[in-house]
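Data block below; observations after.
Basis for what follows: all heavy atoms, side chains included, without hydrogens, waters or symmetry-related copies. Residue indices begin at 1 and follow the sequence shown.
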Amino acid sequence: MPRSVEPSRKRQRVGADRNAEGSAMMTRSRSRSQSQPQPPAAPEPNEAAEPKDANEAAESNSASEAAPRDAVLTSADIARLAAEDVDEVSARLGAVFSDPCLLARSFPHADAARAAECPVDAADVRRAYALIYDKTPDKVVADLRLLTIGAIATLNSDPCDEHDSQMCAVLILLLNPRIVEYVHDDGTPVFPELCSAILAQPPAQRTALMRYFTADRDEPAAATTEAADPSQAARRSFERYVAIFQAYITRCMETAARRMPPPRGATEAPPLKVSLHALGSSTALPLVAQCLALANSYNTAHGVAPYSVFYNSAVNEHIDIKDDVPRFRMPDGVSFCSYPFLLSPNTKSEIIRIESVLLMRTELQDSFFRAMFMGVTCPYLVLEVRRDSLVRDTLYQLDLKVNQDLRKQLKVRFVGEEGVDEGGVQKEFFQLIVRDVFSAKYGIFKASENSRYHWFWPQLGPMPDTLEEIRLTGQLIGLAVYNAVILDIHLPPALYKKLLDVPVTRDDLREVDPELHHGLMQLLRLSPAEVDALERSFEVEYDSLGGLCAHELVPGGAQIPVTVDNRELFVDKYVDFVFNASCERQFAEFKSGFDRICGASYVRFMRPQELELLVCGCSELDFAALERVTIYDGGYTRATPVIRHFWEVVNEFTDDLKRKLLFFATSSDRVPIGGLGKMHFVLAKNGGDSDRLPTSHTCFNVLLLPEYATMDKLRERLLTAIHNPEGFGMI
C-alpha cells in the first residue's frame, strides 16, 4: 500500500530545537512529537560559499520545511549518526519511535514496484537493527528496548489514524531480532502486546500485514532463485515472519517445561508436560497463537508455504494432552487444541486417542450404573461375525446399535473360534472386512487402472442395498479411527478433503484418474482449430458397473460444443461430475457413516493429509527407528547374539518382507502415524535353540523368538513364519 509522504492532520508538528530536549533518549507522546530537520551541510573546503538569491533561499526553506528524508529513518541515518555522534542515535530513535505514523514512514522502499508490494524495506530495517546492536553502546540498545515498549503501548492505547501506516509500524517492530525477548520491568512479556495491536486492526489491515509477510525478498543469495520462481521467494519471506511468532511460543514452552527443580541426585529435571491453561495468564500465549491463526488462514487461502511450517516442535513435545483435551471441551476452556495448526499429526492422533479413551471410560461406567438399576448391559461394543459372512453380519449388527453403543470399546469374536480380543482380533477383523468391501464383487469402489486408488463407481441411481454397504464402509473407517486401528486401504486425497468439507480441485483428479486428468489438461493447451476438430460437447460418457451411460454437464449440454472460449468451464464441470454429481448419494451415505462415529471428535480439526495418515498410517519403513525403541524381555538384551542376528537379517529384507514381518508381529502391515519409532514392539525369549517357528502375541505387538544358535537358522525359521501368518503362529 502506498504511504503518504506528508503527515496526517493529526500528526502536524511544531519545530523545536533538539538541543533543548536535554536528553539523548526521550519518549514523548505523539501529540508533542516533533520532526527535527537536520542543519544544512557545511560547504566543502574547495567550494565557494556564495550567497543565494531570494528564489533559491525560498526553495531551500521550502525543502527544509518539508524535509521528507529527515522525517523518516533509514539504516544510512543510523550508520552516519553512529559514526558522528552516537548519542544522536538515541535522540533520533526517540523522535521516530514516539510516533507510530512517523515510524511507519521510515525505511521506505526506493523501488516503486517493490513499495507497492510492501512499503517497508525490510532489508534496510534489518541493517538498521544490526547497526544498533553491533555498532552502538549498550545504552543505545537499552534505549531501543524502552522505545519499542513505548511504541507498542502507543499502538494499543492511541493507534495511528492511518491504518495502512500502522501495519508498516508493526512490521518494523516485528523485525527487531530481540522483540520476543523484551519484558517489562516486572517481567511481563512485551511481544503479546504487539500481537494485541495486530488483532485490534480491521480485517483488511490484518490481511495487508499477511501480504507484507510475503514481500520480504531481499536476500542477495536468493536473487537468482527469486527471479526464476517468485513463489519460492514469497515462501521464504512468509516463513521468516511465521518463525518470529513460533520463537515466542517455543521460548514460553521450553521455559515452562524446565520450571520444576531437578529430582534429588539428578543433574537436570525431566521435561514437564505443559498445558495452555497453565501458561495463559503469565505469557498471554493465546494472543500470539491467534496471530499465527491469521497467518495460517492466509496461507490456507493462498498456499504460500507448506502447512507443516506452523507445527511447533516445543508444543508437540511438551503439551499436556491429558489436561488440554478436557479443557478443550469446556465452554470457556483454554487449550492448545484450539490451535490445531500448531499440532503435528502425531499429536492430533494422540488427542483423538485420549478422546476415545475418555468416552469409552464414560460408557463403561454408565454401563455399570445401568446394570445396577436396569439389568445387565454389555459394557463393550461386541460384534460376533462369521468369516464367510463378514460384511452381512457386521452390517446387520451395526444397524441395531444406537450411537451410545458405538462409543464403547470394540470387541470382535469370530463365531466358532476361541480367544479373547485384546486388540489383535479386531485388527484381523478390520483387515479382512476392508478387503471385502473394497473388492470388485460388492461394486462399491472402482480401482483405477493407472493408480493405486479406489473411487466410487459412478451411479446416478444406486440401489438401497448398495447405499447401506457404503454407509457401513464409512462406519468401519470411523470405528477404526475411534479404536486406533490402522487400515490397509487406498482412498485418494480427494475423499479426505470431502470428508472435511475442503473443496477438491483439478489436481485431485490426477490421483483418481490420471489418464482423464492428462486429457483434460491437454485440452486446455490445444489451439482453437484443434479444439474444434475434437467435436466435443458438454456431454460425457461413463462406465457404470459395465454399462455405458451419458450425462450432460450442463442443461442441454449435448447440443453445446466445446470451444476455446468455454473449455475452462467444460474442464471444471467434468471435474465436478467425477467428484460430486456421479457419486453424490454414495458419498453422502459414506460420510454419514463416518460422521456417526467421528463427527464430534477432533478429526474435524485435521487437515486432509493428516486424516489420511490417521486412517492409513505413514508409508516410511524406518526399521532403524523400530530397533531403537524395541523392548527386550525374557532374558534378551540388545547385545544378545540372537538379537544382533535378528536385526542383521531384518535389515537385509526387502520392503515387502518387512511388511510381512510387521503383519506377523502386529496383525497389521501398516506403519502408525509418527513412524515405527512410535510403535510399542517387544522381542521376547521363547526358549532355547530349537526347530520351533517364531510366534507372536499380536494384541500386544510381541514377537516370541527362540534363541536360535545360528543366523542362517534364524533367517530360515523367520521367513517360514512370516510367509504363513494367518491362523498360524499368531495369537
Give the minimum heavy-atom separation between [X] and [Y], together with the two atoms involved.
X	Y	value
Leu661	Val650	CD2-CG2, 3.8 Å
Val571	Leu520	CG2-O, 4.0 Å
Trp455	Val578	NE1-O, 3.2 Å
Tyr574	Arg536	CE1-NH2, 4.3 Å
Phe623	Leu662	CZ-CG, 4.1 Å
Leu500	Pro608	CD1-N, 3.6 Å

Measure up the Tyr339 and Phe341 rings against each other and bin them: parallel (under 30°), tilted (30 to 60°), perpendicular (over 60°).
-> perpendicular
Specify whether Phe445 and Phe590 have parallel, tilted or perpendicular ring planes, treating 30° as the upper limit for parallel and 60° as the lower limit for perpendicular.
-> perpendicular
Inspect the contact between [Y] and [X] and indicate whether a charged nitrogen and a carboxylate oxygen are less than 4.0 angstrom apart.
X	Y	answer
Arg236	Glu239	no
Lys408	Asp405	yes
Glu568	Arg506	yes
Glu589	Arg585	no
Asp501	Arg604	no
Asp513	Lys446	no

Does the pair Arg392 and Asp465 meet the rule for a salt bridge (Lys or Arg N to Asp or Glu O under 4.0 Å), with working shown?
-> CA-CA 11 Å; Arg392 183 180 298 276; Asp465 289 348; over 6 Å; no
Beyond-backbone contact of [X] with [Y], side-chain heavy atoms, under 4.5 angstrom:
X	Y	result
Ile470	Phe456	yes
Tyr453	Val512	no
Glu535	Pro561	no
Tyr311	Pro345	yes

Should we count NZ of Lys678 as having more than 12 external heavy atoms under 6.0 Å?
-> no
Just wondering, more than 12 heavy atoms not from Gln522 lying within 6.0 Å of its CD?
-> yes
Would a line drawn from the ring center of Phe336 to the ring center of Phe328 be shorter than 6.0 Å?
-> no
Taking the six-membered ring where the residue is Trp, are the ring centres of Phe438 and His454 under 6.0 Å apart?
-> yes
So, Ser527 and Glu530: side-chain donor and acceptor under 3.5 Å apart, yes or no?
-> yes
Are a donor atom and an acceptor atom from the side chains of Thr347 and Ser344 found within less than 3.5 Å of each other?
-> yes
Flag, side chain of [X] to backbone of [Y], donor-acceptor distance under 3.5 Å:
X	Y	result
Ser389	Val385	no
Asp508	Thr505	yes
Ser592	Ala588	no

For a salt bridge (Lys or Arg N to Asp or Glu O under 4.0 Å) with Asp393, tell me which candidate from Arg387, Arg386, Arg413 qualifies.
-> Arg386
Would you verify whether the NZ or CZ of Lys573 falls within 45 degrees of the ring axis of Phe538 while also being under 6.0 Å from that six-membered ring's centre?
-> no
Lys658 to Phe653, cation-pi by 6.0 Å centre distance and 45° axis angle = no
